[in-house]
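Have a look at the structure below, then the notes.
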Amino acid sequence: MFEGEALVQLIGNFGFPIVLSIYLLHRFERKIEALESAISSLADVFDKNKS
């Protein structure tokens, strides 16, 4: 399929962007989970105040 040099070149060209993308997605995932938790607790507060 790919020769050895072509495979190494593909990894060299696309390896860094892939690693960077995975790192950023991991960071954003933690922040999104924290936001989801904050929104959920805010909804609970609104429900308690509504009653």
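Being a predicted model, the structure only gives us computed values, none of them experimental. Every heavy atom of this structure was used, including side-chain atoms; hydrogens, water molecules and symmetry mates were not.
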Distance, nearest 0.5 Å, that separates CG of D44 from CD1 of I39
12.0 Å
Given D47, L42, N49, the one that forms side chain to side chain contact (heavy atoms under 4.5 Å, CB included) with V45:
N49
Is F14 linked to Y23 within one hydrophobic cluster, defined over Ile, Leu, Val, Met, Phe, Trp and Tyr using a side-chain heavy-atom separation of less than 4.5 Å?
no
One should read off an interatomic distance between F28 CZ and L25 CG, to the nearest 0.5 angstrom, of 8.0 Å
Under 3.5 Å donor-acceptor, S40 side chain and E36 backbone:
no
